[in-house]
Structures are given as C-alpha cells and as structure tokens.
Amino acid sequence: MSEEPGIKKFMFVNRKAPYGTVYALEALEVVLITAAFDQDVSLAFLDDGVFQLRKGQQTKGIETKNFSPTYRALEGYDIEKLYVEKEALAARGLTEDDLLVDVTVLDRKALGVLMDEQDVILSF
Amino acid sequence: MSEEPGIKKFMFVNRKAPYGTVYALEALEVVLITAAFDQDVSLAFLDDGVFQLRKGQQTKGIETKNFSPTYRALEGYDIEKLYVEKEALAARGLTEDDLLVDVTVLDRKALGVLMDEQDVILSF
Amino acid sequence: MKFGILVNEGPYQHQASDTAYLFCKAVLAQGHEIFRVFFYHDGVNNASRLTEPPQDDRNIVARWSKLAEEHGVDLVVCVAAALRRGIKDENLAPGFRISGLGQLVEAGIQADRLVTFGD
Amino acid sequence: MKFGILVNEGPYQHQASDTAYLFCKAVLAQGHEIFRVFFYHDGVNNASRLTEPPQDDRNIVARWSKLAEEHGVDLVVCVAAALRRGIKDENLAPGFRISGLGQLVEAGIQADRLVTFGD
Amino acid sequence: MLHIVNKSPFSSQALDSCVQVAPGGDLLLIEDGVYAASSGTVADNFMRDILKRFRVFALGPDLEARGLADRLIDGITPVDYAGFVDLVARNKTCQSWL
Amino acid sequence: MLHIVNKSPFSSQALDSCVQVAPGGDLLLIEDGVYAASSGTVADNFMRDILKRFRVFALGPDLEARGLADRLIDGITPVDYAGFVDLVARNKTCQSWL
C-alpha cells in the first residue's frame, strides 16, 4: 500500500503499439477514469508501447481517431508519472525528443523494481 | 492454375499453435469444406503451426474439445498433402515421430517454392 | 479483375477490418470488382447492427453496410463462426447475409485474387 | 482473500476467457471471494446471450451466467467497450450487468488481487 | 511478485521482455506460454537461465492440452488452477505480459 | 508473389518467418508491420538485407498514423491503398503472414 491510507499505487503497463490494436486507446480511457478516484497513478511504456508516445501521428489516412493528444492532457488530470523504458526507445531509434510529452526514462531494471512496488498492475 | 481446368491449387498455411487461439480449429473447418469442392488442397504447417499436429493432446483439463483427431481424418477426405517445415520442427525439439499423421517434411526454401506455385493461399 | 476478401478479426480491437474496408474501397475505385467479402472467426462481429461507437469515431459496421448498399458488394458472414459468437439474423446489420464456409471456398475458386486480413 | 478479474478477449477466439473462467472456479473452490469480474475490450463479447456453440463444445457465455447464478459473482461489462462492439441490454446474457469503467477501478481498490486475462 | 506469460516463446517477445524487466520472483507460464517449459527446444537454455533467477511454474492443464506434460524442463513446477490461485494469493501483485 | 506482414518486428516473428520461407518477390508492410520500414532501429540492417532479395513496400497511411513517414529506409517504396490493390493485382497470389 502507498503511504496514505485508502490510496493504492496503480500502474498501467503499456506494451503495445497504437492503431494496430485498440489496447492503447482503451487503456488510456481507464487511466482517465482512475484519475477521478484519487489513486496514486503511474504509466509505464515498455517494448512497442513507447510508440504510443511518438510525435507526429497523422491518422487521417486510416480514417481512425488520432488519440495521441490525450497523452498531453494527462497532466491536467494530475497524472504526471510517465515512465518509459530506455532500452525500448534505443532499440526503436527513438529519443526523448521524439516523444509527445515529458517522461522519465528508466532502464529495465529500474522499471522492474518500480513494478514490484505497486499495489495494482493493469496491463494492456 | 493447376493442370485440370476449373481446379485450383489451394494452400492452407497454419502458423499458430492450437488452443491458445481458435485459428487452428476454424482453419480445419475450412479445409474440410474445401475438400467437397474437388480442388487441389494442401496444408502447410509452419512455425508454431507444427504444434497442431503434436501427438498426445489431452484437453480435458482446459474443458475444450480436442480437435487433433480430425487431422487423422483428413485422409478420408482425400486430403493427403500435408507439408511441415523442417526448421520449425527442429527448433521445437520435435521429429516426425511426435506427429499425429504422416507428413512430408520440407525445408523452408522448398516450402517457399511450393507456396509460389499456388493459386489460392488461405492463412490462419 | 475480381477480388475476394477474407476478414478474420472483429471491429475496433484489431486494425484488420479497417484495412480490409479501405482496401475494398480502393479496389472499387480502381475499377475492379469485389466478388465477395467473407467474414470468419471474430470477423463475424463486423456484422452486428447493435454497435454504437462514439460520435467522433468511425462506424465500422455502418461503413460495411453502406459499401453493400452503394456498390452491391456481397458481405457474407460464416454461420458456424457467427453462432459461436452470437451473430444471428436478429442482430445482423443491413447488407450482410449469413451463409456457410462453402461461400469462402467459392470466392477462392471464382475470384482472381483472395486477400486475407487478420491478426 | 478478495479477487478482482479482468477479461480482455472475447469467447472462442482466444483462450483468455476460458482460463479466466477456470481460474474463477478455482478461486471459489479455494474458499476465496470474487469481488468482481470485469469484461473490457473484446471481453464484452463474453456477455452475448445470442451465442450458440456446437453441441460438443463448451458454452462459454452460459458458464459465466451459471457462475453468477450459483455463486453470486458480479459480472460487469464495460459500457463504452460494449457499445463499440454491439453488446446492449437486448442481447445481454443473464447474470451480466453493463456499467462504467469506474467499476474496474473500484475492483482494483477493493480487491486484494487483480488478475488480467488477455492476448 | 508474480509474472504471467501466455505467449509462445517462438512467436512472441513476451517472455523475453518479462525476464529482462523483472528482477526475479515467481513466473507462471499459461496457455501458449507453456511451450517455453518444454525441454529440447531452442529455448531450452534460455529457460534454464531464467530458472537461476525465477521460480518457474507451468499450468498443467495447458501442458496436457498441448501434449507437453512429459517434457517439462527440470526445475519447472507444474500447477493446476488451484495452484495458480495460490500463486496469485501468495504474491502481492501480478503482471500479465500480454 | 506478394507477401504481406502486419506485425511489429520488435514483438513478433512474422517478418522473420516470411523472409526465411519466401525466396523473394514483393513484400508489403502494413499496420504495425510498417515499424520495420523505419530507419535507425535495431531492425535496420535486417531490413537492408531483406531489400537485397525483395521489392519492399510500406502502406503510407499506416506510416503516417504512426509518425514514421519521414524515417523510411532508402529503397522502401510507400504506397497508398490504390498501390496496395495494384500490388495484389500484379502478383498471382498473396500470403498474409498473420
């Protein structure tokens, strides 16, 4: 449990690319709802999940809603803990400058330790 | 097109393990129907698809129908061209003796050539 | 040229049905013919008339129905796969029909090309 | 101990809903409690009362309904995901109810454990 | 904590990712994930390395369905659904590597 | 013939299997498969090898959706849906590596 009674540490683990499947979009919908419950929320972007945060998504050609601006709105919901896997970025030729939002880049080991400290993990 | 007019070469490409997803089972249902249309039918088992033919499947514990005996019934429908990827078997520690039915083991290159000769490919 | 199309995934969860739809539109725009679109596996869920996506999202089922209405495209839902997943005449969207797997094999025989969209 | 369960895939296509069901049965058999089973993404398709699998196959939807009836398990279908996929009161199987995503968050808060089954 | 992997190691990176991120703990293989528990495959040595850091379990009914029950790598413990429940109960959290 | 790959090379073996089996021909990357067309990744050299045997295409709308349109590896041709149709029409058969 987290320090405050009644507050749990929720981590959302995102490991999938956007658009190929709906998981990224529907995960974001859960995150926004969770914010209303005053829990300790963090998001982890691992593996292909880092692609969710890529700048410059233009979805007109696939006739699908571009939901990437929503990541920018998370701050307004007091969701500020966004962790991104360092090795996943590097493998995909990405740097923090390629991302839509400010994030904390952590290596896998650090992410694994953080995951161990959670009360609830939701993986999509 | 195949030699006889009106007959096409149909290849069913199976690349997925059974039970984790329904593709293997529902692919088999298409194969059985295709047999009724007097086409030139072959099945190729690549990658995890080779697990579909594994002997000794016992599905009572997962409360799901064991459909593996159906592969044995294919002969009765005059479906006799079953090709299995040699490299896929080796990578998974399997030999022909581990399989439910008689098959033709081909290496990837030979399978690729065979695929090129088809008129219709259905992949599941 | 006659195209046959196989759709193996349902709407929204995977991009497969979006890609299949946009491919079909391009087939017609190029002056080709669509012999049939066959919906198999979870693809049968593309035929549910009860879907109601958010206002700002595409309506996948309605798009298929419109394609059938405007271009006479034959949209066939596999009966066995549909029964397993709860698609029946009572919740079938306009433009779709339920039939057997033989319709897929026939598409393979009659069409010049068969393209599979799935996961 | 109280368990929360999240099911992200529909019936038959993926094993996820089978595993989730067998896990739930074992949870109850071990004397634990199920706080809630939440169906999200294609998982909402587990709630279609129109499914009619072959005689020799398991009836996934009916199994869930029976679990609700016999053990009072709360089966909640996400309304937003359900609308996208055509699950509504008119085709909802017995024992399921449609509600918001808050019910999933509540399960995370109230249950001692939350287990996700998906693809 | 408990890590759950349900994908074949021959077609998906899920198991790789799991063991690279997680420092150790309990690892349960279910569904197509149980193929990683089979001996004699190209993933055999990889799994033996994993066993040095993780307590590894495999869901018995999934092993049997796939005809693998007699090929379990030494050191991997088969469990039934009750054992799966125990693993979840005994760990504070679990992560499904979908 | 035409080979179609719709999976990310970082999470799935689909592209690997495709190029190991197919002797050559046309290869079209769609959906999450287009990540393999992006330069500067660990799959970059792998793709450059593939280009020696295959004519490689990537679906433009999928590249744009994922923010990759400006990072295409040299030698890969972006196509729109009309180009996708042409590729299917011009090859006798196609195989989707799902």
Side-chain angles (χ1 to χ4, degrees), chain D residues 1-43 46 56-58 60 63-64 66-67 71 73 81 104-105 107-119, chain E residues 1-18 21-22 25-38 56-69 77-98:
Chain D
M1 195 172 263
K2 274 187 285 189
F3 283 70
I5 310 289
L6 173 60
V7 181
N8 288 338
E9 297 295 331
Y12 304 106
Q13 189 95 335
H14 296 91
Q15 202 187 338
S17 90
D18 289 288
T19 308
Y21 167 78
L22 293 166
F23 181 82
C24 284
K25 291 251 291 184
V27 165
L28 297 171
Q30 300 279 94
H32 296 297
E33 189 186 326
I34 296 176
F35 178 78
R36 179 170 296 149
V37 183
F38 192 85
F39 296 88
Y40 195 40
H41 305 296
D42 268 4
N46 282 282
D56 60 350
D57 202 352
R58 76 274 191 212
I60 294 182
R63 280 193 321 200
W64 284 118
K66 202 171 157 217
L67 201 70
H71 301 276
V73 175
L104 168 60
V105 183
I109 296 171
Q110 298 295 330
D112 301 299
R113 299 287 183 271
L114 187 67
V115 190
T116 303
F117 296 90
D119 174 49
Chain E
M1 64 179 282
L2 173 65
H3 297 274
I4 303 171
V5 172
N6 74 339
K7 295 285 185 309
S8 161
F10 309 111
S11 61
S12 158
Q13 304 293 330
L15 179 61
D16 264 297
S17 296
C18 167
V21 169
D26 288 347
L27 169 61
L28 173 64
L29 304 169
I30 67 170
E31 302 172 357
D32 288 345
V34 299
Y35 287 117
S38 179
V56 183
F57 305 85
L59 197 55
D62 280 325
L63 288 167
E64 288 158 19
R66 290 159 182 82
L68 306 174
T77 311
V79 294
D80 57 11
Y81 290 99
F84 185 174
V85 172
D86 288 342
L87 279 170
V88 174
R90 120 156 74 107
N91 283 278
K92 197 183 79 167
T93 47
C94 63
Q95 148 77 356
S96 298
W97 293 80
L98 303 176

Item to check | Nearest heavy-atom neighbours spanning E:P61 and E:D80 | outcome: CD-CA, 4.2 Å
Next on the checklist: Less than 4.5 Å to any heavy atom of chain E: does that hold for the side chain of D:D112, its backbone, both, or neither?
Outcome noted: backbone
Checklist entry - Taking C-beta and beyond as the side chain, do E:V79 and E:L59 meet within less than 4.5 Å on heavy atoms? => result yes
Item to check | Contacting region of D:H32 [heavy-atom separation from chain E under 4.5 Å] | outcome: side chain
Checklist entry - Can you find a pair of side-chain heavy atoms, one from D:C24 and one from D:W64, that are under 4.5 Å apart? => result yes
Checklist entry - Between D:Q15 and chain E, which part of the residue has a heavy atom less than 4.5 Å away: side chain, backbone, both or neither? => result both
Item to check | Heavy-atom pairs under 4.5 Å with chain D, option from E:I4, E:D32, E:L2, E:N91 with the top count | outcome: E:N91
Next on the checklist: So for atom NZ, which belongs to D:K25, do other residues, nucleotides or ligands contribute more than 12 heavy atoms lying within a distance under 6.0 Å?
Outcome noted: no
